[in-house]
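The next block holds one structure in the form of structure tokens; read it before the comments.
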Amino acid sequence: MSAYIVLGAQWGDEGKGKMTDYLAEDADVVVRFQGGNNAGHTVVVGEKEYKLHLIPSGILYNNKLNVIGNGVVLDPKALFEEIEYLEGLGVSITPDNLVISDRCHIIMPYHRVLDGIKEKVRGKKDIGTTGKGIGPCYTDKMERSGIRACNLINKEVFKENLKEALEVKNPIITKVFGGEALDFDKVYEEYCGYAERMKPFVKDISVIVNKKIKEGKEVLFEGAQGTLLDIDYGTYPYVTSSNTIAGGVCTGAGVGPTAITNGVGIAKAYTTRVGKGPFPTELFDDMGDWIREKGHEFGVTTGRARRCGWLDLCILKTSSRISGLTSFAVTKIDTLAGLDKIKICVGYKLKGEVIDYVPASLEDLGECEPIFEEFDGWDESIADARSYEELPENAKKYLKKIEEFTETKVSIASVGPKRNQTIKISDI
Ligand code: GDP
Ligand code: IMO
Ligand code: MG
């Protein structure tokens, strides 16, 4: 029996899609447990590149069950756009290989509108959200006024829910923010259309996932975003609105902690972040631009340029602790190839002390002065390495440093975006 988590150990975009696809070869079930279509997971199979936002990365195999858990916020419009996009690439999606939790909260048009308006109102203090309505949808969930998949597929219940929602949202949109009211009939008709199409996919996923675990099937929980975007442990308020850490699996997929056997943190060999918020090892010079260009660091969901900086081991150590990670998969080692010297942050100087964790207060994190250790670089040939032995000695030293500092082994090294550009160092 094995049920394990693949999650982002930094600020998202670590290569979770690639690693989920790689690990899913042996899995029976792939489950998304949080987030929504704010995620952008890239998977490269052969010469084809797939960009997934909402649908689990196991969908590219034809023999896996893919599950959208109750912790996900689901935009039906985005779902069907993604299904059509994938079908156009030859991927078949049916209720046999995709199930959606009946408890999923639905992203409605007013959530997207409010996401945009609230960002504008925040002005200089904007979060830099993806604009997909994620925060407003989770707000309604917690406030107990959300619409769930099981409500959406019941026409009468949905009618009632939508009426109640618009009675509250329209005055906020028009009177508070000066926006345009949403028309009940238009939204109702559009969403009833989605509901009809969604119905066959909507099930109690906790029942399904736990049955699979009991049968001894391998279940992979695919995280979205990353540890420092977590609503509790991230760089609040510059975070997303869900629990991206291991704890999110239990609430977001209806499984107990005892079912989970291990956790793999996906860590990029350097650090990136999209959107606003503190970033201690950020590079503002040519080196940052060099990494961005070489690593093609532009967002999958919004196309925004990602901020780039050196690897920060305080972040990885924090991530390992919070999620009880059993190993790391380090991606994009090939991107750093060709550099003479590479820096790693091994501590923060804060108010005369040295710490090795990410503090809660943004003011403290902003004051943290990274302590760097310098490493010798490695050459360009690394993308063809297929075993640990083939990695340059300096790359091995880099990985060893990650293991020592975080007290967590590195089980996988990734040297390119393709499935086969992956080196298994040890079992996850
Ligand atoms: P995710 O959100 O964590 O799934 O990551 P993204 O897909 O947003 O961003 C990761 C990017 O890096 C994608 O374009 C991947 O194809 C690519 N990628 C993943 N692993 C590697 C790697 O080891 N080397 C290189 N060069 N690219 C990689
Ligand atoms: P994947 O799964 C990187 C960031 C946004 C913004 C903040 C809040 O591809 O790693 P939101 O729309 O969630 O309210 O935005 O979170 N963000 C991500 N950054 N990768 C992601 O997903 C992200 N999803 C959200 O840029 O700073
Ligand atoms: Mg991404």
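When a ligand or atom number is given, it counts from 1 through the structure's own listing order.
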May I ask whether Gly12 has any heavy atom positioned less than 4.0 angstrom from an atom of ligand 1? no
I'd like to know whether Thr240 forms a side chain to side chain donor-acceptor pair (under 3.5 Å) with Asn38, so could you lay out the CA-CA distance, the side-chain angles of the two residues, the decisive distance to 0.1 Å, and finally the verdict. CA-CA 9 Å; Thr240 192; Asn38 49 350; 3.3 Å; yes
Would you say Glu14 and ligand 2 have an N/O pair spaced under 3.5 Å apart? no
Show the atoms of ligand 2 that are less than 4.0 angstrom away from any heavy atom in Ala39. 1 (P), 2 (O), 9 (O), 22 (O)
Closest protein heavy atom (residue, atom, distance) for atom 13 (O) of ligand 2: Thr240 OG1, 2.6 Å
Decide whether a cation-pi geometry holds between Lys64 and Tyr61; the criteria are a distance under 6.0 Å from NZ or CZ to the six-membered ring centre and an angle within 45° of the ring axis. yes
Distance filter under 4.0 Å to Lys332 heavy atoms, resulting ligand 1 atoms: 11 (C), 12 (O), 17 (C), 18 (N), 21 (C), 22 (C), 23 (O), 24 (N), 25 (C), 27 (N), 28 (C)
Between Lys397 and Phe375, is NZ or CZ placed under 6.0 angstrom from the six-membered ring centre and within 45° of the ring axis? no
When you compare ligand 2 with Arg304, is there at least one nitrogen or oxygen pair between them that comes in under 3.5 angstrom? yes
Between Asn394 and Asp376, does the side chain to side chain donor-acceptor pair (under 3.5 Å) criterion hold? Intermediate values first, please. CA-CA 6 Å; Asn394 288 341; Asp376 290 328; 4.8 Å; no
Should you measure from each heavy atom of Trp11, which atoms of ligand 2 turn up under 4.0 Å away? 3 (C), 19 (N)
Polar-atom distance check: Lys16 versus ligand 2, any N or O pair below 3.5 Å? yes
With the threshold set at under 4.0 angstrom, would you say Arg306 reaches ligand 1 through any of its heavy atoms? yes
A student checking ligand 1 against Gly15 at a 4.0 Å heavy-atom cut-off should list atoms 1 (P), 3 (O), 4 (O), 5 (O)
Atoms of ligand 1 less than 4.0 Å from Ser414 heavy atoms? 20 (N), 21 (C), 22 (C), 23 (O)
Polar proximity ligand 2 side, Asp13 side, N/O cut 3.5 Å exclusive: yes
Any donor-acceptor pair under 3.5 Å linking the side chain of Arg292 with the backbone of Arg306? yes
Given Ser57 and Thr20, is the side chain to side chain donor-acceptor pair (under 3.5 Å) satisfied, shown in steps? CA-CA 6 Å; Ser57 301; Thr20 298; 4.9 Å; no
Measure His41 to ligand 2 on non-hydrogen atoms and call it side chain, backbone, both or neither using the 4.0 Å cut-off. side chain
For the residue pair Lys317 and Tyr357, would you count it as a cation-pi contact if the rule is NZ or CZ under 6.0 angstrom from the ring centre and within 45 degrees of the ring axis? no
For His41, the ligand 1 atoms with a heavy-atom partner under 4.0 Å come out as 1 (P), 2 (O), 4 (O), 7 (O)
Identify, by atom number and element, the atoms of ligand 1 in contact range of Lys16, meaning under 4.0 Å from any of its heavy atoms. 1 (P), 2 (O), 3 (O), 4 (O)
N or O contact, Thr129 vs ligand 2, cut-off under 3.5 Å: no
Which atoms of ligand 2 are found less than 4.0 Å from any heavy atom of Val274? 3 (C), 19 (N), 26 (O), 27 (O)
Would you confirm whether Thr422, through its side chain, and Arg419, through its main-chain N or O, come within 3.5 Å as a donor-acceptor pair? yes
For Leu86 versus Ile93, what's the shortest heavy-atom pair and its separation? CD1-CD1, 3.7 Å
Within 4.0 Å of some non-hydrogen atom of Gly275, the atoms of ligand 2 are 27 (O)
Out of Lys132, Gln225, His53, whose heavy atom is nearest to atom 25 (C) of ligand 2? Gln225
Quick one: the OD1 of Asp13, the Mg ion (ligand 3), O of Gly40 angle, rounded to 10°, please. 160°
Test item: Thr281 side-chain N/O and Gly309 main-chain N/O as donor-acceptor pair under 3.5 Å: no
Against ligand 1, does Gly416 come closer than 4.0 Å with any heavy atom? yes
Nearest heavy atom to atom 6 (P) of ligand 1: which of Gly17, Gly40, Pro417, Ala269 does it belong to? Gly40
Has ligand 1 got any nitrogen or oxygen that is less than 3.5 angstrom from a nitrogen or oxygen of Asp334? yes
With nothing but distance in play, are any N or O atoms of Gly12 less than 3.5 Å from an N or O of ligand 2? no
Could you tell me if any non-hydrogen atom of Gly226 lies under 4.0 Å from any atom of ligand 2? no
Count the heavy atoms of every other residue, nucleotide or ligand shown that sit under 6.0 Å from CZ of Arg112, and state whether that count exceeds 12. yes
Which atom pair, heavy atoms only, marks the closest approach of Cys314 to Thr318? O-OG1, 2.7 Å
Glu222 to Val30 - nearest heavy-atom pair and separation: OE1-CG1, 3.8 Å
Tell me which part of Ile333 gets within contact of ligand 1: side chain, backbone, both or neither, using heavy atoms under 4.0 Å. neither
Among protein heavy atoms, which lies nearest atom 12 (O) of ligand 2, and at what distance? Thr130 OG1, 2.6 Å
What atoms in ligand 2 come closer than 4.0 Å to a heavy atom of Val239? 7 (C), 8 (C)
Looking at non-hydrogen atoms alone, which of Asp13, Thr272, Thr42 comes nearest to atom 14 (O) of ligand 1? Thr42
For ligand 2, is there an N or O atom under 3.5 Å from any N or O atom of Asp115? no
Between Asn97 and Asn62, is a side chain to side chain donor-acceptor pair (under 3.5 Å) present by the stated rule, with each step listed? CA-CA 8 Å; Asn97 67 353; Asn62 54 19; over 6 Å; no
Identify the protein heavy atom lying closest to atom 5 (C) of ligand 2, giving its residue, its atom name and the separation to 0.1 Å. Gly128 O, 3.5 Å
Quick check against the 3.5 Å criterion: does Ser242 have a side-chain atom that pairs as donor or acceptor with the backbone of Thr244? no
If hydrogens are left out, which of Gln421, His53, Lys18 has an atom nearest to atom 19 (C) of ligand 1, that is, the closest non-hydrogen atom? Lys18
Point-to-point distance, once rounded to the nearest 0.5 Å, from CG of Asp289 to CD1 of Ile291: 9.5 Å
Under 6.0 Å from the ring centre and within 45 degrees of the ring axis: does the NZ or CZ of Arg122 meet both conditions for the six-membered ring of Tyr238? no
Could you go through the side-chain contact (heavy atoms from CB on, under 4.5 Å) check for Glu373 and Lys401 one step at a time? CA-CA 10 Å; Glu373 224 171 80; Lys401 182 72 198 177; 3.3 Å; yes
Please indicate whether any nitrogen or oxygen in Ala224 is less than 3.5 Å from any nitrogen or oxygen in ligand 2. no
Among all protein heavy atoms, pick out the one at the shortest distance from atom 18 (C) of ligand 2; state its residue, atom name and that distance to 0.1 Å. Leu229 CD1, 3.6 Å
I'd like to know whether NZ of Lys341 has more than 12 heavy-atom contacts from other residues, nucleotides or ligands below 6.0 angstrom. yes
Mind checking whether Tyr194 and Phe80 have parallel, tilted or perpendicular rings, split at 30° and 60°? parallel
Quick check: Val300 and ligand 1, any N/O pair under 3.5 Å apart? no
